[in-house]
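Written below as structure tokens is the structure these notes are about.
From a predicted model like this one, the values you see are computed outputs, not experimental measurements.
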Amino acid sequence: CRSETTSQLDPGPDATPDTTPDTAVDPDLGNDLFNPPDTSSDPDLSDDLDGAYDTETSVFDTDAADANTDSEITESEPCEDLRRVPGARFYVCACDEGADEDCIPGDDANDGTDPSTPWATISRAHTNFESMASGHTTSFCRGGGFPVTEDLYWSNPSCSADSPCLFGAYRAPWGSGDEGSPTLLVESDYGLKFYSEDTVTDGHYYIVNLALEGNGDNIGLAFGGDVDDVTMCRTDVSNFQTGLHIFENEDPEGGVTENSRITVRSAVFTENGTGIAGSCDDFRLEDSTFRVNREGHILTTAIDQSTGL
């Protein structure tokens, strides 16, 4: 597997911490691809990416918003090349363990099309994802805790290069702006498994600003069969046996399928047995951090070298 790596291995808790503040992205500005900050001049822009988010001036460029609904994040944003493709947005909010104290859960009887009427479960969001059109977004509430208790296969062949499908975060109406990333609390074998039992070629997914926490014996994210053109950006993955698993699958017509063009950018893998394991064509690991895994052997456990990554 061809790979490009520009990441770092955290030496662990005994090392001298780096106290230099990160000014590239100001968390007070929203720090979220799908959740820009509130603006006094136009509050309707506070929860969308239909404007050009300028982290240098801390405002939305509303002229750019009118001119270009495919706006890109500026270069100071690590997910700058992930565009907000026009399309419907669907919202889900759960308030399980670890959720913000102000969290208000949704209801699966809601329509899920507005931040004020989110669904309550990942299962409901999954049902919608399977049939939704390309270019649509599944948004999880910041500060939410989302129990994952069953293995779900996420697959939507409608998603395309021109209209990728997005997974991101949004600021709920009850939010004050200091909420953390949505956290998937994974008790099942997999947190997010992108795979089709019919060996359908799919992909074109963006996964941004999510956190996944495991039970020590499961897998955080998995791309399997023939999943291509996926970017994970600012995703925190912790306490899994394997943080990210990329696997091939037998093709019913003979041979094996292969995953291609998977990028992991500005992600953090913490206290996993193995950070990343698997194989693909054109895998890219950019500006990511591997913090001490359980066995403490960063070079051998952060990335499984034996499988070609």
Side-chain angles (χ1 to χ4, degrees), residues 32-35 48-50 68-73 79-92 111-113 118-119 121-140 146 148 151-170 182 184 190-210 212 220-235 237 244-249 251 257-267 278 280-284 286:
D32 191 338
L33 181 62
F34 307 119
N35 181 30
D48 210 340
L49 193 65
D50 289 339
N68 181 13
T69 56
D70 256 359
S71 301
E72 294 186 356
I73 300 295
C79 311
E80 72 274 4
D81 61 335
L82 306 185
R83 296 174 299 146
R84 168 75 162 93
V85 179
R89 299 183 67 186
F90 300 97
Y91 302 86
V92 56
D111 58 20
T113 60
W119 296 316
T121 66
I122 285 184
S123 178
R124 178 65 183 88
H126 173 265
T127 299
N128 180 74
F129 176 82
E130 289 186 305
S131 60
M132 76 181 192
S134 61
H136 291 183
T137 299
T138 301
S139 294
F140 299 84
F146 299 80
V148 182
D151 289 330
L152 300 171
Y153 295 168
W154 297 79
S155 177
N156 187 329
S158 296
C159 306
S160 66
D162 291 334
S163 296
C165 295
L166 299 89
F167 294 79
Y170 75 98
L184 277 59
Y190 294 88
L192 290 173
K193 184 176 183 179
F194 294 87
Y195 172 75
S196 170
E197 292 183 296
D198 299 325
T199 321
V200 173
T201 298
D202 67 346
H204 303 289
Y205 305 137
Y206 295 158
I207 304 165
V208 184
N209 285 325
L210 298 183
L212 294 89
L221 297 99
F223 305 122
D226 191 358
V227 177
D228 305 329
D229 301 291
V230 177
T231 298
M232 292 171 47
C233 190
R234 282 204 306 246
T235 304
V237 185
L244 169 61
H245 186 204
I246 306 170
F247 62 94
E248 298 174 339
N249 193 40
D251 190 324
T257 61
E258 186 176 52
N259 307 285
S260 302
R261 299 175 299 280
I262 294 176
T263 298
V264 177
R265 182 186 304 155
S266 299
C280 74
D281 181 52
D282 194 8
F283 175 83
R284 296 173 183 270
E286 303 171 354

Original post:
Does some side-chain heavy atom of L184 sit less than 4.5 Å from a side-chain heavy atom of I122?
Top reply: yes
Original post:
T127 side chain to S123 main-chain N or O, any donor-acceptor pair under 3.5 Å?
Top reply: yes
Subject >> Derivation of the side chain to side chain contact (heavy atoms under 4.5 Å, CB included) call for I262 and I246 >> reply: CA-CA 9 Å; I262 294 176; I246 306 170; 3.9 Å; yes
Original post:
Rounded to the nearest 0.5 Å, how far does OH of Y206 lie from SG of C159?
Top reply: 11.0 Å
Original post:
Mind checking whether C165 and M132 have side chains closer than 4.5 Å, heavy atoms only?
Top reply: yes
**OP:** Apply side chain to side chain contact (heavy atoms under 4.5 Å, CB included) to Y205 and L166, showing your working.
**Re:** CA-CA 6 Å; Y205 305 137; L166 299 89; over 6 Å; no
Original post:
Have D111 and T113 got a donor and an acceptor in their side chains that come within less than 3.5 Å?
Top reply: yes
**OP:** State the CG-NZ distance between L152 and K193, to the nearest 0.5 angstrom.
**Re:** 11.0 Å
**OP:** Take W154 and F167, measure what ring-ring contact (aromatic ring centres under 6.0 Å, His included) needs, and give me the verdict at the end.
**Re:** CA-CA 11 Å; W154 297 79; F167 294 79; 5.6 Å; yes
Original post:
Out of V227, T231, D229, which residue meets the side-chain contact (heavy atoms from CB on, under 4.5 Å) rule with R261?
Top reply: D229
Subject >> Trace of the side chain to side chain contact (heavy atoms under 4.5 Å, CB included) decision for F146 with L210 >> reply: CA-CA 11 Å; F146 299 80; L210 298 183; over 6 Å; no
Original post:
When you check the side-chain N and O atoms of S155 and D202, is any donor under 3.5 Å from an acceptor?
Top reply: yes
Subject >> T138 side chain near H126 side chain, heavy-atom distance below 4.5 Å >> reply: no
**OP:** Would you indicate whether the side-chain heavy atoms of L221 and L212 approach each other to under 4.5 Å?
**Re:** yes
Subject >> Test item: D282 and R284 side chains (from C-beta on) under 4.5 Å apart, heavy atoms >> reply: yes
Subject >> Verdict with supporting geometry, R89 and S139, side-chain hydrogen bond (donor to acceptor under 3.5 Å, both in side chains) >> reply: CA-CA 7 Å; R89 299 183 67 186; S139 294; 3.2 Å; yes
Original post:
Of Y91, F140, F90, which meets ring pair (Phe, Tyr, Trp, His ring centres under 6.0 Å) against W119?
Top reply: F90
Original post:
Do you know the tightest heavy-atom contact between Y153 and Y195?
Top reply: CB-O, 3.4 Å
Original post:
Between the main-chain N or O of F129 and the side-chain N or O of N156, is there a donor-acceptor pair closer than 3.5 Å?
Top reply: yes
Subject >> Heavy-atom side-chain contact between M232 and F223 under 4.5 Å >> reply: yes
Original post:
Can you tell me how far the NE2 atom of H204 sits from the OG atom of S158, to the nearest 0.5 Å?
Top reply: 11.5 Å
**OP:** Please report the C-alpha distance between V264 and L244 in whole Å, then the side-chain angles of each, then the deciding distance to 0.1 Å, and finally whether the side chain to side chain contact (heavy atoms under 4.5 Å, CB included) criterion is met.
**Re:** CA-CA 10 Å; V264 177; L244 169 61; 3.7 Å; yes
**OP:** Working to the nearest 0.5 Å, report the span between CG of D226 and OG of S260.
**Re:** 6.5 Å
